[in-house]
A.B. asks: 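Below is the structure I would like to discuss, written out as structure tokens.
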Number of protein chains: 2
Amino acid sequence: MAAMSSNTSNKGSFKHDLFAQFARVGKALSNGNRLELLEFLAQGERGVDELARVSGLSVANTSQHLQQLRQAGLVLSRKDGLKVYYRLSGDDVITLLGALRGVAERHVADVERLVNSYLTVKDDLEPIPRDELLGRVKHDLVTVLDVRPPEEYAAGHVPGAVNVPLDKLEQYLLALDPQQEIVAYCRGPHCVLAFDAVARLREKGLKARRMQDGFPEWKQAGLPVEEGE
Amino acid sequence: MAAMSSNTSNKGSFKHDLFAQFARVGKALSNGNRLELLEFLAQGERGVDELARVSGLSVANTSQHLQQLRQAGLVLSRKDGLKVYYRLSGDDVITLLGALRGVAERHVADVERLVNSYLTVKDDLEPIPRDELLGRVKHDLVTVLDVRPPEEYAAGHVPGAVNVPLDKLEQYLLALDPQQEIVAYCRGPHCVLAFDAVARLREKGLKARRMQDGFPEWKQAGLPVEEGE
DNA sequence: CTTCTATTCAAATGATTTATTGAATAATTG
DNA sequence: CAATTATTCAATAAATCATTTGAATAGAAG
């Protein structure tokens with residue numbers, strides 16, 4: 001694409017080209033839709049149609065964004081029969097996404113405002129650390145709620161977690177012990193589903209918190225993972 | 001700026017806004033000039049004029065880019081008298097930059113091609129790890145070369161390093177012991193100055209290598225730093 | 001108070017990007 | 001082999017971005 005410096009004595013051009021390459025990765029991260037696709041892919045391999053459905057984009061549009069992510073070296077694709085499956089090109093991409101979120105969280109005032117406006121009482125919603133959760137799950141002290149769609153749940157989830165997509169939350173609510181603490185998680189530290197679930201549960205007077213981060217981080221931390229229905 | 005979802009039931013909009021905020025950080029990283037400014041700022045506080053000089057941009061243009069970086073929460077500014085000084089907003093920005101470089105290095109084929117085309121013999125230029133270097137410096141086994149401009153050197157450098165800007169390299173060469181190994185470093189893992197210095201030294205038959213990463217990483221790793229002339 | 005300097009703002013232009021649409025490709029199925 | 005399906009390519013208009021230019025601001029020095 002960009003012309004490459006043809007001789008080694010042209011330092012300025014080399015420098016320019018090099019930063020341009022880095023910028024290409026940055027450019028891939030400069031669009032909300034692509035970030036959403038990446039967060040989704042952080043859970044594992046996905047087909048184009050799935051990605052289009054979850055992101056609310058057209059298939060063609062999704063495909064274009066995926067192309068850009070591939071050119072930036074962030075995702076890889078694999079063709080199996082009719083379908084093309086995409087996945088992150090490595091764990092360092094998860095690291096990169098985490099770093100991006102971290103900076104945005106800590107420094108972008110608007111993010112805080114957004115989160116605060118969404119969650120009426122922030123302190124009550126302090127996330128629970130992963131390792132602390134694992135201990136409590138073993139002793140059956142908490143109910144862990146996986147609010148992601150069934151397909152994602154099947155691909156891997158926190159051991160003992162119950163899969164309750166948001167639209168079925170109301171029904172499930174009735175069956176819960178009001179004393180039992182509930183911990184909800186979904187895709188990543190900022191996945192809206194978990195925020196939303198906790199907010200709704202608390203409305204009903206239940207003790208609910210978010211899990212720190214989400215499933216991709218859980219998996220990357222090397223904690224146990226359960227698969228299947 | 002962007003309209004905020006006013007009620008909690010509007011999930012799509014909240015999600016969209018949230019990713020848009022993350023994308024703003026990504027957008028700040030999507031331009032080569034801004035990345036260069038960030039790399040430069042990773043060494044410490046700098047004035048607008050300095051930044052403009054080193055990046056080769058006009059002052060007005062530099063100011064605009066700095067504005068964008070500030071809006072994304074990546075840099076902070078401080079006014080002292082006539083001048084305005086910019087700095088990174090936190091160490092997590094260095095982490096982010098490192099993650100970005102890492103992904104770009106590992107996955108973008110063009111970067112590798114670029115680096116390879118610049119360095120004729122790649123294997124001979126394998127960088128030396130930081131901790132290994134520290135030990136050897138203490139025993140005077142290597143000469144450490146800081147090829148950055150004098151101002152940057154004065155702001156902080158690896159203990160025992162000699163400041164030899166590239167344009168004075170030729171003169172300095174003659175005074176060197178051909179048996180002594182030389183390790184060169186500059187701003188970051190991809191700073192061209194160090195590549196260039198090593199390439200030139202090797203041309204003259206000297207044993208030269210790059211230091212792993214650059215000074216910002218050295219500093220962040222908590223290794224000792226020397227200041228002044 | 002006036003002049004000078006460093007920086008920022010504002011407007012304009014040319015270049016990219018995004019999302020949409022419809023056509024093209026490639027592998028499966030009947 | 002034709003029909004079907006999933007995906008990608010190509011072309012478009014609307015939106016956004018990068019850079020340049022010249023003017024405006026704010027503090028320092030005379």
Side-chain angles (χ1 to χ4, degrees), chain A residues 1-3 16 19-38 40-41 45-72 74-87 151, chain B residues 1-3 12 16-17 19-38 40-41 45-72 74-87 151:
Chain A
M1 172 180 303
H16 182 270
F19 278 113
Q21 296 300 335
F22 293 155
R24 213 156 86 177
V25 178
K27 203 165 287 179
L29 303 172
S30 72
N31 177 275
N33 290 325
R34 280 195 291 270
L35 287 175
E36 191 176 355
L37 291 174
L38 285 173
F40 200 66
L41 285 172
E45 211 175 49
R46 291 286 182 277
V48 177
D49 58 329
E50 268 182 282
L51 291 165
R53 216 176 318 124
V54 82
S55 63
L57 299 171
S58 73
V59 175
N61 199 356
T62 304
S63 176
Q64 302 238 53
H65 282 301
L66 289 169
Q67 268 353 324
Q68 276 185 261
L69 291 173
R70 178 163 51 192
Q71 277 175 23
L74 293 169
V75 306
L76 298 172
S77 64
R78 173 180 70 84
K79 191 158 192 176
D80 182 29
L82 274 185
K83 297 174 78 77
V84 175
Y85 294 94
Y86 283 84
R87 65 182 184 282
E151 318 107 48
Chain B
M1 172 180 300
H16 181 269
D17 286 353
F19 278 112
Q21 295 301 336
F22 294 155
R24 212 155 85 177
V25 178
K27 203 165 288 179
L29 303 173
S30 72
N31 177 278
N33 290 325
R34 281 195 291 270
L35 287 175
E36 192 175 355
L37 290 174
L38 286 173
F40 200 66
L41 285 172
E45 211 175 49
R46 291 285 182 280
V48 178
D49 57 329
E50 268 181 283
L51 292 165
R53 215 176 319 124
V54 82
S55 63
L57 300 171
S58 73
V59 175
N61 200 355
T62 304
S63 176
Q64 301 246 55
H65 282 301
L66 288 170
Q67 244 35 290
Q68 276 185 262
L69 291 174
R70 179 164 49 194
Q71 277 176 24
L74 293 169
V75 305
L76 298 172
S77 65
R78 172 180 73 84
K79 191 160 193 175
D80 182 29
L82 276 184
K83 297 174 77 77
V84 174
Y85 294 93
Y86 283 83
R87 65 182 184 281
E151 319 106 49

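Scope of the values below: all heavy atoms of this structure, side chains included, with no hydrogens, waters or symmetry mates. Protein chains get the first letters and strands the later ones, always in sequence-line order, with residue 1 at the start of each.
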A.B. asks: Only counting residues at least two apart or in another chain, list the ones meeting side chain to side chain contact (heavy atoms under 4.5 Å, CB included) with Ala23(A).
C.D. replies: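 With sequence neighbours excluded, Ala23(A) shows a side chain to side chain contact (heavy atoms under 4.5 Å, CB included) to Leu35(B), given in chain and number order.
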
A.B. asks: In this structure, how many angstroms lie between the C1' atom of dC9(D) and the CZ atom of Arg70(A), rounded?
C.D. replies: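 Atom-to-atom, Arg70(A) to dC9(D), this comes out as 12 Å.
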
A.B. asks: Taking side-chain hydrogen bond (donor to acceptor under 3.5 Å, both in side chains) as the test, write out the residues that go with Ser58(B), two or more places apart.
C.D. replies: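 Ser58(B) satisfies side-chain hydrogen bond (donor to acceptor under 3.5 Å, both in side chains) with no residue once adjacent residues are dropped.
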
A.B. asks: Roughly how many Å is it from CD in Glu50(B) to C1' in dA6(C), rounded to a whole number?
C.D. replies: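 Going from Glu50(B) (CD) to dA6(C) (C1'), I get 13 Å.
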
A.B. asks: I need the NZ-P distance between Lys83(B) and dT7(C), as an integer number of Å.
C.D. replies: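 Rounded to the whole Å, the gap is 5 Å.
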
A.B. asks: Report yes if the side chains of Leu66(B) and Ser77(B) come closer than 4.5 Å at any heavy-atom pair, otherwise no.
C.D. replies: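 No, their side chains stay 4.5 Å or more apart.
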
A.B. asks: When the distance from CG of Leu51(B) to C1' of dT7(C) is rounded to whole Å, what number comes out?
C.D. replies: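 My rounded result for the distance is 12 Å.
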
A.B. asks: Counting just side-chain N and O atoms, does Tyr86(A) come under 4.0 Å of either OP1 or OP2 of dT8(D)?
C.D. replies: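 The answer is yes; a side-chain N or O of Tyr86(A) sits under 4.0 Å from OP1 or OP2.
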
A.B. asks: Test of understanding: with side chain to side chain contact (heavy atoms under 4.5 Å, CB included), list the residues that count as partners of Glu50(A), not counting sequence neighbours.
C.D. replies: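 For Glu50(A) the side chain to side chain contact (heavy atoms under 4.5 Å, CB included) partners, ignoring immediate neighbours, are Arg46(A), Arg53(A), Glu151(A).
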
A.B. asks: Using whole Å, what does the distance between atom P of nucleotide dT18(C) and atom CD of Glu36(A) come to?
C.D. replies: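 Distance check: Glu36(A) CD to dT18(C) P gives 15 Å.
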
A.B. asks: Rounded to the nearest 0.5 Å, what separation is found between the NE2 atom of His65(B) and the CG atom of Leu57(B)?
C.D. replies: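 Taking NE2 in His65(B) and CG in Leu57(B), the distance rounds to 5.5 Å.
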
A.B. asks: List the residues meeting side-chain hydrogen bond (donor to acceptor under 3.5 Å, both in side chains) with Arg87(B), not counting sequence neighbours, and say none if there are none.
C.D. replies: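 Partners of Arg87(B) under the side-chain hydrogen bond (donor to acceptor under 3.5 Å, both in side chains) test: none.
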
A.B. asks: Which residues pass the side chain to side chain contact (heavy atoms under 4.5 Å, CB included) test with Lys83(A), sequence neighbours left out?
C.D. replies: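 Per chain and number, Lys83(A) pairs via side chain to side chain contact (heavy atoms under 4.5 Å, CB included) with Asp49(A), Tyr85(A).
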
A.B. asks: Give each protein N/O atom lying under 3.5 Å from an N/O atom of nucleotides 23-30 of chain D, with the pair distance.
C.D. replies:
none

A.B. asks: To the nearest 0.5 Å, what is the distance between CG (Leu38(A)) and CG (Leu69(A))?
C.D. replies: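 Here the interatomic distance stands at 4.5 Å.
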
A.B. asks: Output the rounded distance in Å from CG (Leu37(A)) to P (dT18(C)).
C.D. replies: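 So the two atoms are 12 Å apart, to the nearest Å.
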
A.B. asks: Using atom OH of Tyr85(A) as one end and atom P of dT8(D) as the other, report the distance to the nearest whole Å.
C.D. replies: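 To the nearest whole Å, that distance equals 12 Å.
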
A.B. asks: Go along nucleotides 14-22 of chain D 5' to 3' and tag each nucleotide: B for a protein heavy atom under 4.0 Å from its base, S when only backbone or sugar atoms are that close, - otherwise.
C.D. replies: ---SSBBBB

A.B. asks: Can you sort out the partners of Ser63(B) under side chain to side chain contact (heavy atoms under 4.5 Å, CB included), two or more places apart, ordered by chain and number?
C.D. replies: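 Per chain and number, Ser63(B) pairs via side chain to side chain contact (heavy atoms under 4.5 Å, CB included) with Gln67(B).
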
A.B. asks: When the distance from CD of Gln67(B) to C1' of dA6(C) is rounded to whole Å, what number comes out?
C.D. replies: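 Spelled out: CD on Gln67(B) to C1' on dA6(C) is 14 Å.
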
